[in-house]
Amino acid sequence: MSTLFLRTLREDPADAEVASHKQLVRAGYIRRAAPGIYTWLPLGLRVLGKVEGIIREEMASIGSQEVHFPALLPREPYEASGRWTEYGDAIFTLQDRKGDDYLLAPTHEEMFTLLVKDLYGSYKDLPLSLYQVQTKYRDEARPRAGLLRGREFIMKDAYSFDVDDAGLDASYAMFREAYIRIFDRLGFDYVIVFAHSGAMGGSKSEEFLAKSEIGEDTYVECRACGYAANVEAVHVPVPEKQAYDDVPAAHVEDTPDTPTIAALVDHLNQAFPREDRPWAAADTLKNVIGNVVYPDGTVEPLAIGIPGDREVDGKRLEATLYPGEFVPFGEEDFARYPMLAKGYIGPGALGESSESKIRYVVDPRIVEGTRWVTGADSTGHHVIDLVAGRDFVADGILEAAEVWPGDPCPNGDGVLTTARGMEMGHIFQIGTKFAEALGLKVLDQFGKLVTVTMGSYGVGVTRAVAAIAENTLDDIGLCWPRNVAPYDVHVVATGKDEAVFTTADRLVAELADAGVEVLYDDRAKVSPGVKFKDAELIGVPTILTVGRGLVEGTVEVRDRRTGERTEVPVTEVVALLASSIRG
Ligand code: ATP
Ligand code: MG
């Protein structure tokens, strides 16, 4: 440590919100270079190397071969797949001196597809899987939490190539198993959830989420059947159709000053009390209107009907509409649609065959026979007993309402619980989307050209470093699991006694000979207090102190995580540590 390029900090960096970000900077693992862009220091690089090492071993174990693509790529392949525009503002683009367009790749499906097309042409060449550990660039709208959401980050991306669906299923299953081993070895508490396949289309799609309160993803679980899904991918179970023979005809009523659901429900209970029970927000149908803006500039107005007790969930909506983005109507938009009475909009003014021609999609719960109170398309008026299927028909179904704990499981009789997580890995079956767009075909056994089917498998490598830190740290510093720790043992020599340093020097050399990786605090003019604080902050799993005990022939072994301290005879400590660490 007297020569290590390291400066620990006592103060938290001003821009850090989450604990892992603060401690990784304070302990000298990373430094910020620009928003969402980080420099790796020697300690950080060691952890990164361990994480990458585990991933490489598990990729090798399933026969996936490593390649490495450039990050700087020409526009054409991304143009061919449609993603040059689909990515919108999320990609960094640039031009060379000749004025040709380039991008810094956000992910590499196109390049892998073209590489295989370039070199392979027969079913006999498949199955194949390739991967890389490579730097990606995404101009994230909200770079956040240090390495957790960067604009430059490292991803392991792998792709499988098969001649048919059965082959793809087998490749997918193999990667899934490898991912389980990777995340087990990285020491994560994680859950595998069904995911929305988003940008890529495709069928099977699962995410590996590290359980964490600070995670940006919300997932649901059903204790009864084990179903787990990202909220983005939850399909609300469609209720049975209801009989409506005895429902009176829809009637418009005066409901002055009720532009909000709460005000409407109060008014209904006062002016139109029900006999069976009070009115509730769930009896109302709320219509949310906005423009869906696509990356190519197209704009389509859209109205979304959901039960009035729920809000639209931004992430579910985003996932459903991707690559479109939903922008709620502003005053100018309303001005262009005089038939829409803001605060009192109902199905009457909506739908492709209505006067407004605005496409109207509704929550799956709004099935035939359900009765609603909703806007009557005139200020201060609502319509009561409006029956879906009888009085209005929507143009389609859209999943965007919030999912609540206690909601029914789409799979059975259980109910859902919700929790938060961080997406560490994503595996999914892309199918033929890229192979079709870029012409990746092989001859099958009958000499017929078939389009190759692909799977895509990503791990956020730099995100994993931060997430492991986040899941394991404590009040005093980082606390690495042994598999990814920058070193095995942190040797602290304390005091001024010459013998302490000569003994520590010898122990360090013997440990190294035994294959134990040692960080040695050999700084001569630094107080024991500072040395211990640094050791706690840096978070090597075992701290070996050579100091006062030496006169009695002992050194202290401290477990960073549990805090447990043991006095060990100096003559035995190397053998003890070597066997407990190296096995
Ligand atoms: P997110 O939903 O978190 O934005 P994503 O679904 O866009 O991620 P993928 O395209 O599936 O991400 O990328 C594979 C993996 O790369 C993710 O599972 C995640 O671990 C990691 N990753 C994605 N974006 C970032 C980022 N901005 N910073 C760090 N890691 C990232
Ligand atoms: Mg993903």
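Whatever order the structure lists ligands and atoms in, that order sets their numbers, starting from 1. Computed from heavy atoms alone, side chains included, the values below leave out hydrogens, waters and symmetry copies.
Closest heavy-atom approach to atom 19 (C) of ligand 1 among the candidates His196, Arg463, Lys315: Arg463. For atom 3 (O) of ligand 1, the nearest non-hydrogen atom from the set Arg149, Lys136, Arg142, Glu216 comes from Arg149. For the residues Glu152, Met155, His426, the heavy atom positioned nearest atom 13 (O) of ligand 1 is part of Met155. The heavy atom nearest to atom 23 (C) of ligand 1, considering only Glu140, Glu423, Arg138, is found in Arg138.
Ion pairing of Lys136 with Glu152 is absent here, as no side-chain N (NZ or NE/NH1/NH2) approaches a carboxylate O to less than 4.0 Å. Salt bridge Glu213/Arg420: absent, no basic N to carboxylate O contact under 4.0 Å.
In terms of polar-atom proximity, Gly150 is counted as a contact of ligand 1, with an N or O under 3.5 Å from an N or O of the ligand. Distances between N or O atoms of Met424 and those of ligand 1 include at least one value under 3.5 Å. The distance criterion of under 3.5 Å between nitrogen or oxygen atoms is not met by Val459 with respect to ligand 1.
Looking at Leu148 against ligand 1, only its backbone comes within 4.0 Å, counting heavy atoms.
The ring of Phe112 has its center closer than 6.0 angstrom to the ring center of Phe69. Between Phe434 and His108, the distance separating the two ring centers is not shorter than 6.0 angstrom. Taking the six-membered ring where the residue is Trp, the centroids of Trp480 and Tyr487 are separated by 6.0 Å or more.
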From CA spacing to verdict: side-chain hydrogen bond (donor to acceptor under 3.5 Å, both in side chains), Gln132, Asp157: CA-CA 6 Å; Gln132 64 175 344; Asp157 51 333; 3.2 Å; yes
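No option in Asp164, Val452, Asp162 other than Val452 meets the side-chain contact (heavy atoms from CB on, under 4.5 Å) test with Leu126.
The ligand atoms of ligand 1 that sit less than 4.0 angstrom from a heavy atom of Gly425 are 18 (O).
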